[in-house]
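Worksheet: one structure, shown below.
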Amino acid sequence: MISHKETRTVRYPAELMYAVVSDVEKYPEFLPWVVALRVLSRSENGLTAEMAVGYGALRERYTSDVTLDPIRNRIDVVQTEGPFKTLENHWQFTPKDEGCEVDFSIRFEFRSRLLHGAASHAFEKVMLKMTDAFEARAAQLCRSNS
């Protein structure tokens, strides 16, 4: 099982960071490894989405349930179908000073030992850059709205 957890303070409000991460349909525009994404269904507190990701020669497609809690500024994601034995990530945005604290964690393990060995290093590199990509997107949206 590969896991990563980080906490960082950003200069953007919790509501903006929550909006950026919860707007999954925009992921192909700013996450370089997201090849395609489509929302399969929506509910009052979440959605189910199919995402195609690519890194180097590796290409995978998986479906996840995304639980959205705008009151608590929390997003939880769990794979429901795909190549992972486990894939889950969690986001929490807490107002702090002029911005917010971003807590991000992810755990994943491929079903195939061979694929896990071959791809885990690449996926780990990608996942370590997730918070950076979302923060850069928030910066872009702030510049666009100025």
Side-chain angles (χ1 to χ4, degrees), residues 2-96 98-112 115-116 119-146:
I2 294 172
S3 63
H4 171 74
K5 189 175 197 167
E6 70 179 277
T7 299
R8 74 167 68 171
T9 301
V10 299
R11 60 184 177 150
Y12 307 104
E15 296 76 18
L16 175 60
M17 292 305 298
Y18 174 87
V20 167
V21 176
S22 65
D23 191 7
V24 299
E25 285 127 328
K26 298 282 196 241
Y27 285 10
E29 295 177 19
F30 68 94
L31 293 176
W33 56 88
V34 177
V35 178
L37 187 140
R38 68 185 175 124
V39 173
L40 303 175
S41 66
R42 287 187 186 278
S43 67
E44 187 177 324
N45 64 339
L47 57 95
T48 299
E50 180 185 67
M51 185 183 303
V53 294
Y55 186 84
L58 181 65
R59 296 279 187 265
E60 288 295 339
R61 182 177 302 271
Y62 62 93
T63 302
S64 294
D65 283 337
V66 181
T67 303
L68 303 171
D69 186 346
I71 304 299
R72 293 178 47 224
N73 286 320
R74 183 172 175 87
I75 300 168
D76 298 299
V77 182
V78 177
Q79 177 203 263
T80 57
E81 188 177 317
F84 299 95
K85 186 176 188 179
T86 302
L87 172 63
E88 61 181 57
N89 65 67
H90 307 279
W91 295 89
Q92 178 69 55
F93 309 99
T94 306
K96 185 170 184 172
E98 298 296 311
C100 76
E101 189 172 86
V102 178
D103 289 302
F104 170 70
S105 65
I106 186 164
R107 294 180 339 122
F108 66 93
E109 181 180 4
F110 286 94
R111 291 185 198 284
S112 158
L115 185 57
H116 188 78
S120 62
H121 182 68
F123 268 75
E124 189 171 15
K125 283 173 114 176
V126 166
M127 296 305 168
L128 291 175
K129 297 192 178 293
M130 280 189 73
T131 309
D132 292 337
F134 287 107
E135 185 176 358
R137 175 67 172 181
Q140 177 189 27
L141 292 175
C142 283
R143 284 192 301 272
S144 298
N145 293 332
S146 300

Quiz prompt | salt bridge (Lys or Arg N to Asp or Glu O under 4.0 Å) partners for D103, two or more places apart | solution = none
Quiz item: Of all heavy-atom pairs between G82 and R111, which one has the smallest distance, and what is that distance?
Solution: O-NE, 3.1 Å
Practice problem: Kindly give the heavy-atom pair with the smallest separation between V35 and V53, and that separation in Å. | Solution: CG2-C, 3.9 Å
Quiz item: Would a line drawn from the ring center of W91 to the ring center of Y18 be shorter than 6.0 Å?
Solution: no
Quiz item: How many angstroms lie between atom OG1 of T63 and atom CD of E81, to the nearest 0.5 angstrom?
Solution: 4.5 Å
Practice problem: Could you grab the distance from atom OG of S105 to atom CG of N89, nearest 0.5 Å is fine? | Solution: 7.0 Å
Practice problem: Verify the ring-centre separation between Y12 and F93: is it less than 6.0 angstrom? | Solution: no
Practice problem: Measure the OG-CG distance between S22 and L68 for me, rounded to the nearest 0.5 Å. | Solution: 6.0 Å
Practice problem: To the nearest 0.5 Å, tell me how far E88 CD sits from I106 CD1. | Solution: 9.0 Å
Quiz prompt | Criterion side-chain contact (heavy atoms from CB on, under 4.5 Å) on H4 and F104, from CA distance to verdict | solution = CA-CA 8 Å; H4 171 74; F104 170 70; 4.2 Å; yes
Quiz prompt | Distance-only donor-acceptor check, side chains D65 and T80, under 3.5 Å | solution = no
Practice problem: Determine, using ring centers only, whether F134 and F30 are less than 6.0 Å apart. | Solution: yes
Quiz item: Passes side-chain contact (heavy atoms from CB on, under 4.5 Å), D69 versus I75? Steps please.
Solution: CA-CA 6 Å; D69 186 346; I75 300 168; over 6 Å; no
Quiz prompt | Side-chain heavy atoms of T94 within contact of N73, under 4.5 Å | solution = no
Quiz item: Any donor-acceptor pair under 3.5 Å linking the side chain of Q79 with the backbone of F84?
Solution: yes
Quiz item: Can you tell me how far the SG atom of C100 sits from the CZ atom of R8, to the nearest 0.5 Å?
Solution: 11.0 Å
Quiz prompt | Validation row: T48, V39 side chains within 4.5 angstrom (heavy atoms) | solution = no
Quiz item: Please walk me through it: do V24 and L47 pass side-chain contact (heavy atoms from CB on, under 4.5 Å)?
Solution: CA-CA 10 Å; V24 299; L47 57 95; 3.9 Å; yes
Quiz item: When you measure from the side chain of Q140 to the backbone N and O of E135, does any donor-acceptor pair fall under 3.5 Å?
Solution: no
Quiz prompt | Atom pair OG/CE of S64 and M51 - distance to nearest 0.5 Å | solution = 6.5 Å
Practice problem: Among residues two or more places apart or on two chains, list those pairs meeting salt bridge (charged side-chain N to carboxylate O under 4.0 Å, His left out) that have a residue in residues 26-44. | Solution: E25-R42, E29-R137, R38-E50
Practice problem: Flag the pair H90 / V77 as yes when at least one side-chain heavy-atom distance between them is below 4.5 Å, and no otherwise. | Solution: no
